[in-house]
Chemist: 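One structure follows; several queries about it will come next.
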Amino acid sequence: MVSQRDQIAALRDQLAAQLEEVFHVRRTEAEEALAEYKEHFEESMKRKEDLIQELTTHTTKLQGPAHSNQSSTLQFITREQADEEKRALQEESDRYKELIKQRDARLQEKDQRINALQAEISTVSKERDAEIERSKTIANRSGPAASGLSRPTSLETQNASVIRLYEDMTNILVTNLKYEKSDKWPELEEELATCVYTYTSGEDDSTWSLHFTLRLIYDLPEGVTATGPVAQSELVQKMMYQPKDLDHEPPEYAARLGFFKSAFMFSRGQMSVFIRTLGESVANIFDGEEAGGTTEILMDGSA
């Protein structure tokens with residue numbers, strides 16, 4: 001048993017020695033060439049794979065910005081189209097806003113005209129009512145009228161004669177007289193007279209008329225300021241002169257009228273000076289001289 005074991009061990013050692021010898025046997029030239037070629041091939045493949053990997057990475061990096069630029073360009077084009085559409089909508093909106101503004105302006109103008117007409121109608125209605133009331137008051141004072149056409153009384157005949165005398169003396173005809181409430185003192189009424197001054201030439205009896213209005217105005221004395229209610233007796237009376245229809249007359253006529261071609265205010269106490277100076281100014285139109293004597297009227301600066 002021991003002998004057999006020894007034999008097996010000896011055989012084992014022998015085979016191990018033979019195997020060791022086989023491993024230490026040198027390779028042939030063909031095997032060396034094959035191994036060298038294999039190693040070179042593997043290195044070449046590795047270099048190519050590395051190159052391919054490097055190129056792939058570089059290509060990926062290059063494709064990134066290109067794709068981003070393409071997206072930006074597409075986004076820019078889309079934004080430009082959106083801005084153009086927005087501008088078109090804004091222009092359309094502005095156009096409609098302008099149309100609405102013009103319509104509102106026309107409506108406002110119509111409203112103003114309507115208000116002005118309504119105010120004028122209201123004023124005329126008030127004047128009519130006031131005239132009716134005055135007529136009733138005068139009729140009541142005069143007593144009941146006789147049936148049919150009443151004959152003028154002696155007082156009315158006398159008043160008519162006095163009026164005609166004043167007209168002949170002053171060459172002024174009062175064609176209308178009405179009463180209006182004072183702007184400063186609503187509880188008072190002011191007289192508004194429509195007048196015509198007629199000039200007759202002594203050479204050929206030709207005539208020319210100047211139309212104007214005279215308004216009686218109540219005002220505080222110069223330098224006085226109202227601090228409370230003011231009685232009518234504390235006020236002064238002034239006259240406002242306003243020429244009419246001078247635009248229908250020859251320009252040289254208006255030029256020779258001096259300050260009578262424009263509105264002005266003066267004290268009622270100067271009425272006689274006003275009439276005399278007016279006559280002289282109108283006469284000078286036909287005498288070919290400049291208006292004179294006008295400095296006698298003290299015109300009020302508030303006119």
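Not measured: the values here are computed from a predicted model.
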Chemist: Please say yes or no: joined through hydrophobic side-chain contacts below 4.5 Å, possibly via intermediate residues, are W208 and I172 part of one cluster?
Modeler: yes

Chemist: Apart from L165 itself, what residues make up its hydrophobic cluster, given side-chain heavy atom links below 4.5 Å?
Modeler: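 Cluster partners of L165: M169.
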
Chemist: Applying the 4.5 Å side-chain criterion to the ILVMFWY set and letting contacts propagate, would V236 and V224 be lumped into a single cluster?
Modeler: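 No, V236 and V224 fall in different hydrophobic clusters.
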
Chemist: Locate the shortest heavy-atom distance separating L235 from L220; write the atom from each residue and the value.
Modeler: CD2-CD2, 3.7 Å

Chemist: Roughly how far apart are L216 CG and Q237 CD, rounded to 0.5 Å?
Modeler: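 Separation between the atoms: 4.5 Å.
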
Chemist: Run the side chain to side chain contact (heavy atoms under 4.5 Å, CB included) check on I217 and M239 step by step: do they pass?
Modeler: CA-CA 6 Å; I217 296 178; M239 303 301 296; over 6 Å; no

Chemist: Taking only residues two or more places apart in sequence or in another chain, which ones pass side chain to side chain contact (heavy atoms under 4.5 Å, CB included) with R113?
Modeler: E109

Chemist: Are any non-hydrogen side-chain atoms of E43 and K46 less than 4.5 angstrom apart?
Modeler: no

Chemist: Could you state whether M271 and V196 fall into the same hydrophobic cluster, counting links through intermediate Ile, Leu, Val, Met, Phe, Trp or Tyr residues with side-chain heavy atoms under 4.5 angstrom apart?
Modeler: no

Chemist: If I compare all heavy atoms of K261 with all of P243, which pair ends up nearest, and what's the gap?
Modeler: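 Smallest heavy-atom distance, with atoms named: O-CG, 3.5 Å.
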
Chemist: I need the single residue from E180, M265, E191 that forms a side-chain contact (heavy atoms from CB on, under 4.5 Å) with R215. Which is it?
Modeler: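 So, applying the side-chain contact (heavy atoms from CB on, under 4.5 Å) to R215 and each of E180, M265, E191, only E180 qualifies.
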
Chemist: With no hydrogens and no angle check, do the side chains of W185 and E190 hold a donor and an acceptor under 3.5 Å apart?
Modeler: no

Chemist: Does the side chain of Q90 come under 3.5 Å of the side chain of D94 through a donor N or O and an acceptor N or O?
Modeler: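 A donor-acceptor contact under 3.5 Å links the two side chains.
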
Chemist: To the closest 0.5 Å, what do you measure between CD1 (I285) and CG (L210)?
Modeler: 7.5 Å

Chemist: Apply side chain to side chain contact (heavy atoms under 4.5 Å, CB included) to the pair Q108 and Q112, showing each step before the final yes or no.
Modeler: CA-CA 6 Å; Q108 184 178 4; Q112 292 176 352; 3.7 Å; yes

Chemist: Does a sphere of radius 6.0 Å around CD in E252 hold more than 12 heavy atoms from other residues, nucleotides or ligands, not counting ones at 6.0 Å or beyond?
Modeler: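 It does: E252 CD has more than 12 such atoms within range.
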
Chemist: List in chain and number order the residues that pass side chain to side chain contact (heavy atoms under 4.5 Å, CB included) with T213, two or more places apart in sequence or in another chain; answer none if no residue qualifies.
Modeler: L192, T194, Q242, K244

Chemist: Could you measure the distance from the CG atom of L99 to the CG atom of D104? Nearest 0.5 Å is fine.
Modeler: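 That separation rounds to 11.0 Å.
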
Chemist: Return the OG to OH distance between S281 and Y199, rounded to the nearest 0.5 Å.
Modeler: 12.0 Å

Chemist: Can you name the residues that form a side chain to side chain contact (heavy atoms under 4.5 Å, CB included) with K181, not counting sequence neighbours?
Modeler: none

Chemist: Group every Ile, Leu, Val, Met, Phe, Trp and Tyr by side-chain heavy-atom contacts under 4.5 Å, then state whether F259 and F266 land in the same group.
Modeler: yes

Chemist: Going by ring pair (Phe, Tyr, Trp, His ring centres under 6.0 Å), name the residues that satisfy it together with Y241, two or more places apart in sequence or in a different chain.
Modeler: F212, F260, F264, F274

Chemist: What is the minimum heavy-atom distance between R256 and N284, and which atoms define it?
Modeler: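 Taking every non-hydrogen atom into account, CD-O, 4.0 Å.
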
Chemist: Which residues satisfy the ring pair (Phe, Tyr, Trp, His ring centres under 6.0 Å) test with Y179, sequence neighbours excluded?
Modeler: none

Chemist: For K184 and Y218, what are the C-alpha separation, side-chain angles and deciding distance, and is it a side chain to side chain contact (heavy atoms under 4.5 Å, CB included)?
Modeler: CA-CA 8 Å; K184 293 183 178 180; Y218 291 98; over 6 Å; no

Chemist: Can you tell me how far CG of L214 sits from CZ of R268, rounded to the nearest 0.5 angstrom?
Modeler: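 If we round to the nearest 0.5 Å, R268:CZ and L214:CG are 10.0 Å apart.
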
Chemist: Going by heavy atoms in the side chains, are L173 and T198 under 4.5 Å from each other?
Modeler: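 L173 does not reach T198 side chain to side chain.
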
Chemist: To the nearest 0.5 Å, tell me how far R106 CZ sits from K101 NZ.
Modeler: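 It is 13.0 Å, given to the nearest 0.5 Å.
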
